[in-house]
> 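One structure, as structure tokens, below. Some questions next.
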Amino acid sequence: MINKNYDLLGEQLAESGLEMNIVIGAGAIISGVSAIAGGLFGAKQASDSNKAADKAYEEQKEAAEEAAKKTTKYNKKVHKVDIKNYQNNRAFERETLTRKWKYDTEIQDYQFLQAVKQYGKSVENTNDQLTYNSIAAMQASEAENNALNDLRVEDAFSRQGMLVDQLQSTGKAALGQAGNSRAKALQSSIAALGRNAAIMDASLSSSVEQTQRNLQQIGLQRYAADLQAKASMMIEPQKLPDIPLPLQAPERIFIEPMEVLPQAIQAPVKQSTFAPIMSGLISGAGQIGMGIAGQMNYQSPLPRIGSTGGSFGGTNLGIGSSSGFNLNANYGGF
């Protein structure tokens, strides 16, 4: 028997609404699960990105440390080479200074020996000049004395001849005249002899004085020649002090090169692996909540969630937006 109160249209509409609610709820649940899966995938991507950043960071640090080690090693090598070059240059400088000192010493000794030889030759020449001056003065003096002696001999012969002539004149006067005339003739002859003798004495005396003056002049000339010869003689050389040993500048002080520190590497900014999960969970929970709410909000003999009474007591489930859900429940007991 057909129930007159049976509402076929309403039942069909209820069934179609139920199916639609089920489809919509299932889609929301799927979207929610996808959101959660997407959050997990995003968290994995963030984790992978962080691992890649950490790996790149470690590689950069290792590269910086390796570069610092190589630079430090190179600086130490350069430091050792600098010290070696300095020592080589210092040894070369010492050898050069020593050789120059020996050469200068030999030159100084050679110059001193040459000066000694020149001085010896100068002394020899001076002695020869003094000897020559002495011989020349002796010869000149001898010549003057010889001339004076010749003059004296000549004077003696002249006196002798004059005396002979006087005697002859006196004898002739005595024989040829008599009386006063003879006496006068004798006196005149004697007077003439005296005059001639006086003249000869004066001439001889003058010659002797001139000879003495000449001898004095010869002595003065010899003295002047001796002074000139001695003045021309070299001063006796004296050996110079020894050339001091060469000195070098103080040794250079080297400082060990400072160890090179690795270049500072900026730590990577890591992505949050929790944020995608939370975002996915919140979004997925919202979608799932909407799906569950869509399935529960249909006409059913069963009490609806959030209604009074029923097995849930005073429970009230409030669904939020698709970005998340808020569970506001008033639990009145089960």
> Taking the side chain from Thr126 and the backbone from Ser122, do they hold a donor-acceptor pair closer than 3.5 Å?
yes

> CD1 of Ile243 to CH2 of Trp101: how many Å apart, nearest 0.5 Å?
8.5 Å

> For Gln87, what residues pass the side chain to side chain contact (heavy atoms under 4.5 Å, CB included) criterion, not counting sequence neighbours?
Ile83, Lys84

> Under 6.0 Å from the CD atom of Glu93, do we count more than 12 heavy atoms belonging to anything else shown?
yes

> Return the minimal non-hydrogen interatomic distance between Ile255 and His79, and the atom names on each side.
O-CE1, 3.2 Å

> Do other residues, nucleotides or ligands put more than 12 heavy atoms under 6.0 Å from Gln228 CD?
no

> So do the side chains of Arg222 and Ser134 get within less than 4.5 Å of each other, counting heavy atoms only?
yes

> Can you check whether Lys239 reaches Asp109 side chain to side chain, under 4.5 Å on heavy atoms?
yes

> What distance do Leu113 atom CG and Gln111 atom CD have between them, rounded to the nearest 0.5 Å?
10.5 Å

> Give, for atom CG of Leu245 and atom CG of Leu247, the distance between the pair rounded to the nearest 0.5 Å.
7.5 Å

> Would Glu58 and Lys55 count as a salt bridge (charged side-chain N to carboxylate O under 4.0 Å, His left out) here? Give the steps.
CA-CA 5 Å; Glu58 294 298 328; Lys55 183 179 180 181; over 6 Å; no

> Shortest non-hydrogen contact from Arg90 to Gln248?
O-NE2, 3.0 Å

> So for atom OH, which belongs to Tyr223, do other residues, nucleotides or ligands contribute more than 12 heavy atoms lying within a distance under 6.0 Å?
no

> I'd like a table of donor-acceptor pairs (distance under 3.5 Å, sequence neighbours excluded) in which one partner is a side-chain atom from residues 142-151, with atom names and distances.
{"from": "Glu144", "atom 1": "OE1", "to": "Asn214", "atom 2": "ND2", "distance (Å)": "2.8"}
{"from": "Glu144", "atom 1": "OE2", "to": "Asn214", "atom 2": "ND2", "distance (Å)": "3.3"}
{"from": "Asn145", "atom 1": "ND2", "to": "Ser141", "atom 2": "O", "distance (Å)": "3.1"}
{"from": "Asn146", "atom 1": "ND2", "to": "Glu142", "atom 2": "O", "distance (Å)": "3.1"}
{"from": "Asn149", "atom 1": "ND2", "to": "Asn145", "atom 2": "O", "distance (Å)": "3.1"}

> With a 6.0 Å cut-off (strictly less than), is the heavy-atom count around CZ of Arg99, excluding the residue itself, greater than 12?
no

> Under 4.5 Å between any side-chain heavy atoms of Lys76 and Pro257, yes or no?
yes

> Answer yes or no: does atom OH of Tyr132 have more than 12 heavy-atom neighbours from other residues, nucleotides or ligands under 6.0 Å?
no

> Would you say Met234 ends up clustered with Val123 if hydrophobic residues are merged whenever their side chains have heavy atoms under 4.5 Å apart, either directly or through other cluster members?
yes

> Can you list the steps and then say if Val208 with Gln212 is a side chain to side chain contact (heavy atoms under 4.5 Å, CB included)?
CA-CA 6 Å; Val208 171; Gln212 291 177 348; 3.9 Å; yes

> Does Phe254 have more than 12 heavy atoms from other residues, nucleotides or ligands lying within 6.0 Å of its CZ?
yes

> Just how far is it from atom NZ of Lys70 to atom OG1 of Thr72, taken to the nearest 0.5 Å?
12.5 Å

> Tell me, with the steps shown, if Gln129 and Asn133 meet side chain to side chain donor-acceptor pair (under 3.5 Å).
CA-CA 6 Å; Gln129 183 65 41; Asn133 295 341; 3.0 Å; yes

> Between Lys61 and Tyr57, is there a side-chain heavy-atom distance shorter than 4.5 Å?
yes

> Under the 3.5 angstrom rule, does the side chain of Thr71 hit a backbone N or O of Ala67 as a donor-acceptor pair?
yes

> Report the distance from atom CG of Asp104 to atom CG of Asp242, rounding to the nearest 0.5 Å.
12.5 Å

> First locate atom CD of Gln238, then atom OH of Tyr119, and finally report the distance between them rounded to the nearest 0.5 Å.
10.5 Å

